[in-house]
Amino acid sequence: MNDTARVSGLLDLKSLNFGDFLQGNDQAQLSFANSLTTTLQTLGVAKLSMDDVPELEMLHLFNMAKEFFALDIASKMVAAHPAQPSPHRGYSFVGQEKLAAVTGFAKDRLSDSMMQDSKETFDLGLPGDAEFPNRWPKDEHIPHFKAVVQQHYKTLERVQLKVLEALSLGLGLKRDIFLPLHEKSHHEMRLLHYPSTTAGDLTGDKTRIAEHTDFGSITLLFQDQVGGLEGRPLECLVMVGDCFQRWTGNYIRAIPHRVTTPYKTQGGDPDDDIPERFSIAFFGKPNRDARVGNLAHPQFQAVQYDSITAGEYNNMKLVKTY
Ligand SMILES: O=C(O)CCC(=O)C(=O)O
Ligand SMILES: [Fe+2]
């Protein structure tokens, strides 16, 4: 794999069984932790099988997401993301957010600022967060949406903290070292829909999501094609984000990724149909007041990062995207 993860092209990445960490003995846990850490260190992304997390009803959650994006625009705009970057909550229509503006990537395409993402999204954070209140559609337009989505925020948060625990173990650190840095639950969860289009439409200045790294510590990503949604095995990608790279002074690096034309349609007819696509991301994020400079550990000093807060770092990136 080159250094750009084509997240939709990772189907053949061998998956690690997360159950080994959740239920295994010390030896099984260490072996999982070492495999996860080596994979993230070399690739920046790992695939986990989530069969042992029964609370994850991803098919149900994907169906809710599909129902939401199928609403008419007026019903979706009840939960509209503001025109400005913050609070980063609610529904963003196709073209509203531009991830290309955030990094110096997309070098092989047009200049960053010209790339348009062809996606619509729904973002949420901690239920009841007064600083960044969530925005919800009306219950009568989409019954149970809020409850189901919020419940999965909690489940995915627990999964993410366990993944961080495994990563700490694999790095030879105290298992709970990252827990206090995430205890305020300042994570973000996102439902994504890429409308159906044609191959010709995803060339030039349009892509599905432009190349970027995620801003937080680690991301859990579920994609409708990665499988398992109709039953088990359920698979999830774990991607390293910027904050983890900063803490480890590049020992573990964030993975640049994007979503473009599926491989099988590349080089084909511009009129080829590209089906719609759904995905769900849980962006594990440090407490907004946590420092995201290098951790005090000899292994993590190769590249030095300013000791700014995660909130400041997040805003620096976010302000460019809306
Ligand atoms: O839809 C995907 O598979 C990736 C989404 C993503 O990278 C993001 O929202 O940060
Ligand atoms: Fe991403």
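First listed ligand is number 1; within each ligand, the first listed atom is number 1. Hydrogens, waters and symmetry mates play no part in the numbers below; they use all other heavy atoms, side chains included.
Between His212 and ligand 1 there is a heavy-atom distance shorter than 4.0 Å.
A side-chain donor from one of Arg175 and Gln29 sits under 3.5 Å from a side-chain acceptor of the other. Side-chain contact check for Tyr91 and Glu120: at least one donor-acceptor pair (N or O, by modelled atom type) lies under 3.5 Å. Between the side chains of Thr198 and Asp271, no donor N or O sits under 3.5 Å from an acceptor N or O.
Atoms of ligand 1 lying under 4.0 Å from at least one heavy atom of Tyr194, given by number and element, are 1 (O), 2 (C), 4 (C), 5 (C). Close approach of ligand 1 to His257 is summarised as follows: ligand atoms under 4.0 Å from at least one heavy atom of the residue are 7 (O). Atoms of ligand 1 found under 4.0 Å from any heavy atom of Arg190, numbered from 1 in the order shown, are 9 (O). Atoms of ligand 1 found under 4.0 Å from any heavy atom of Phe283 (numbered from 1 in listed order, with element): 8 (C), 9 (O), 10 (O). Near Ser279, the atoms of ligand 1 lying under 4.0 angstrom from a non-hydrogen atom of the residue are 1 (O), 2 (C), 3 (O). Those atoms of ligand 1 that come under 4.0 Å of a heavy atom in Arg277, given as number and element, are 1 (O), 2 (C), 3 (O).
Of all the heavy atoms of Arg208, none lies under 4.0 Å from any atom of ligand 1, so neither backbone nor side chain is involved. Under 4.0 Å from ligand 1, not a single heavy atom of Thr121 appears. When heavy-atom distances to ligand 1 are checked against a 4.0 Å cut-off, Ile209 comes that close only through its side chain, counted from C-beta outward.
The minimum distance between the Fe ion (ligand 2) and any N, O or S atom of His257 involves atom NE2. No other N/O/S atom of Asp214 lies as close to the Fe ion (ligand 2) as OD1 does.
Ring geometry for His182 against Phe178 counts as perpendicular: the plane angle is over 60°, on a 0 to 90° scale with 30° as the lower cut.
Under 4.0 Å is where a charged nitrogen must lie from a carboxylate oxygen, and between Asp123 and Arg190 at least one such pair does. A salt bridge links Lys317 to Asp242: at least one charged side-chain nitrogen sits closer than 4.0 Å to a carboxylate oxygen.
Around atom CD of Glu140, more than 12 heavy atoms belonging to other residues, nucleotides or ligands sit under 6.0 Å away.
Residues Leu318 and Met239 are members of separate hydrophobic clusters, defined by side-chain heavy-atom contacts under 4.5 angstrom among Ile, Leu, Val, Met, Phe, Trp and Tyr.
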